[in-house]
Amino acid sequence: MTGYAYERAATPEQAVRRARQPGAAFVAGGTNLLDLIKVGVERPALLIDIGRLPLAGIEPAPDGGVVIGALARNSDVARHPLVRERYPLLSQALLAGASAQLRNMATMGGNLLQRTRCYYFYDPAFERCNKRAPGSGCAALDGINRIHAILGASEHCIAVNPSDMNVALAALRATIRIAGMDGERRIPVSDLHRLPGERPQQDTTLAPGELITAIELPPQGYAAHSCYLKVRERASYAFALVSVAAGLELRDGKVRSAALALGGVAHKPWQAEAAERALAGRGLDEAAIDEAAEAAVRGASPYAHNAYKIPLAQRAVARALRRAGGME
Amino acid sequence: MFVSDPASRAGPVPRLARPVVLQVNGRRHELTLEPSVTLLDALRDGLGLTGTKKGCDRGQCGACTVLADGRRINACLTLAVMQEGVAITTVEGLGTPQAMHPMQAAFVRHDAFQCGYCTPGQVCSAVGFLAEWRRDAGAEREPGAVPGHAEIRESMSGNLCRCGAYVNIVAAIAEVAAGGHE
């Protein structure tokens with residue numbers, strides 16, 4: 001880890017202005033960026049420390065939602081009474097991620113921008129990685145690809161987004177606030193992360209220098225009926241093979257609306273809209289659940305080592321829905 | 001000096017070195033550090049506080065766990081310069097061989113280690129865990145409730161012990177949590 005300059009931003013405007021120079025990177029918690037610098041994947045010339053900017057608040061919004069500052073720590077958000085009460089799905093997802101130490105350091109904005117844990121991306125000893133070295137190829141395609149994507153991948157990249165939090169935000173239809181040179185813009189979280197296509201080096205739609213300032217949660221939090229289910233290879237402190245964020249709005253024994261997103265299956269948190277539609281207006285019975293689970297992985301295409309993810313994702317969706325609906 | 005990557009040891013970049021003021025175990029320290037120096041390397045190489053251990057240096061093992069304003073963090077994944085103005089507590093600040101912190105004493109009583117390399121991180125993490133648990137006013141609990149073994153194991157999953165002393169580590173933390181020897 002060598003040879004970069006460091007400065008502390010005094011205001012968000014200053015941070016955005018300074019970040020326009022080549023080689024500049026924002027740092028807040030540092031848990032992903034410093035790791036990537038150490039392994040030689042990221043090589044910034046300048047770190048702009050945004051960690052002390054006043055963007056860590058967690059406030060109720062006039063519309064009945066909640067606004068979470070981008071610099072709020074993952075652990076603080078997970079335990080905040082407003083989040084616990086209105087968005088237990090987000091609280092569960094945050095607590096399913098990383099370790100207690102990392103959750104104390106990592107910020108919400110940083111978690112949104114977490115980079116993939118594809119081992120071919122994370123280790124420069126592998127020559128081929130279109131995300132790390134555009135045009136070099138993808139070593140995962142013909143390598144060990146058991147942790148890789150089953151949905152939305154391209155011939156250039158089959159990496160998956162590693163975040164638990166992002167899956168809950170996708171299900172909850174969060175909005176991301178972004179500051180840039182031309183002021184502020186707001187986009188649905190589904191428009192923040194990209195599918196790899198021909199430019200897997202670009203994880204998100206952020207322009208250079210843009211700064212995530214807050215996450216807006218809508219009033220509907222599915223607090224009464226939600227479940228974050230994470231399937232992993234050990235009980236704690238491991239990335240998801242597959243995860244599911246499920247929320248149900250139930251009335252008179254029928255699903256009024258459903259929110260469903262999957263993690264560990266694609267380059268971005270996967271909003272399972274066909275599955276949501278399959279549930280709407282129906283009683284939550286096994287037939288509806290099976291149909292939703294099938295719809296959630298429709299179009300999935302596996303590689304040599306990850307075909308197991310398709311039935312795993314279906315069963316995880318079914319279990320998450322049953323738990324959200326109080327059936328198990 | 002004070003670099004974490006052997007490859008860069010040959011050619012430090014002196015123009016980037018800057019004064020860094022750290023608050024560690026109640027004392028103020030003025031250092032001159034490259035921005036890229038981690039808190040872990042500043043503690044060990046800069047201040048000689050070698051109680052905090054370097055295991056993986058990647059945030060995966062927890063051997064470098066210290067308390068920052070009372071919250072446990074991985075000292076290997078933060079820069080020293082990022083921690084200016086933050087009160088850092090290392091294992092040296094928790095207790096001494098003559099006057100051990102209750103958590104240290106419980107680790108000794110329960111034989112909660114074998115080689116001991118992960119122990120400073122385990123102890124700091126355990127102290128941080130109990131502080132978090134007691135501060136967690138939002139949780140619905142019976143009066144006098146104490147964290148169960150499953151909760152302790154989950155919350156301590158960021159601290160690995162290659163000797164496998166987990167059962168005794170959990171027992172030590174549970175005892176302090178119950179107030180047995182505090």
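Naming convention: chains lettered A, B, ... in sequence-line order (proteins, then strands); numbering from 1 in each chain. It should be emphasised that the depicted structure is a prediction, and the values quoted were computed from it without experimental measurement.
- In this structure, the side chain of A:N104 does not engage the main chain of B:I73 through any donor-acceptor pair within 3.5 Å.
- Formation of a donor-acceptor pair under 3.5 Å by the B:R71 side chain with backbone atoms of A:M105 is not found in this model.
- Side-chain atoms of A:R8 come within 3.5 Å of backbone atoms of B:V81 as a donor-acceptor pair (strictly under, hydrogens ignored).
- Neither the backbone nor the side chain of A:A96 comes within less than 4.5 Å of any heavy atom in chain B.
- At a 4.5 Å heavy-atom cutoff, the contact between A:A235 and chain B is made by backbone atoms alone.
- The backbone N or O of B:R58 sits nowhere less than 3.5 Å from a side-chain atom of A:K38 that would complete a donor-acceptor pair.
- Within 6.0 Å of atom CZ in A:R43, 12 or fewer heavy atoms from other residues, nucleotides or ligands are found, so the atom counts as exposed in its surroundings.
- More than 12 non-hydrogen atoms from other residues, nucleotides or ligands lie less than 6.0 angstrom from CZ of A:R73.
- Remark: A:R103 CZ to B:S155 OG distance equals 6.5 Å, nearest 0.5 Å.
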Side chain to side chain contact (heavy atoms under 4.5 Å, CB included) evaluation trace for A:L102 with B:N74: CA-CA 7 Å; A:L102 292 169; B:N74 298 116; 3.4 Å; yes
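- Atom-to-atom distance recorded for A:N32:CG and B:L77:CG is 9.0 Å, nearest 0.5 angstrom.
- Contact of A:L47 with chain B is made through the side chain alone, with heavy-atom distances under 4.5 Å.
- The stretch residues 9-23 of chain A places none of its residues near chain B, where near means some heavy atom under 4.5 Å from a heavy atom of that chain.
- To the nearest 0.5 Å, atoms OG (A:S99) and CZ (B:R72) are separated by 8.0 Å.
- The closest side-chain heavy-atom distance from A:Q101 to B:S125 is below 4.5 Å.
- Between A:Y6 and B:E34 there is no side-chain heavy-atom pair separated by less than 4.5 Å.
- For the pair A:R52 (side chain) and B:M82 (backbone), a donor-acceptor distance under 3.5 Å is present.
- No side-chain heavy atom of B:T38 sits less than 4.5 Å from a side-chain heavy atom of A:L34.
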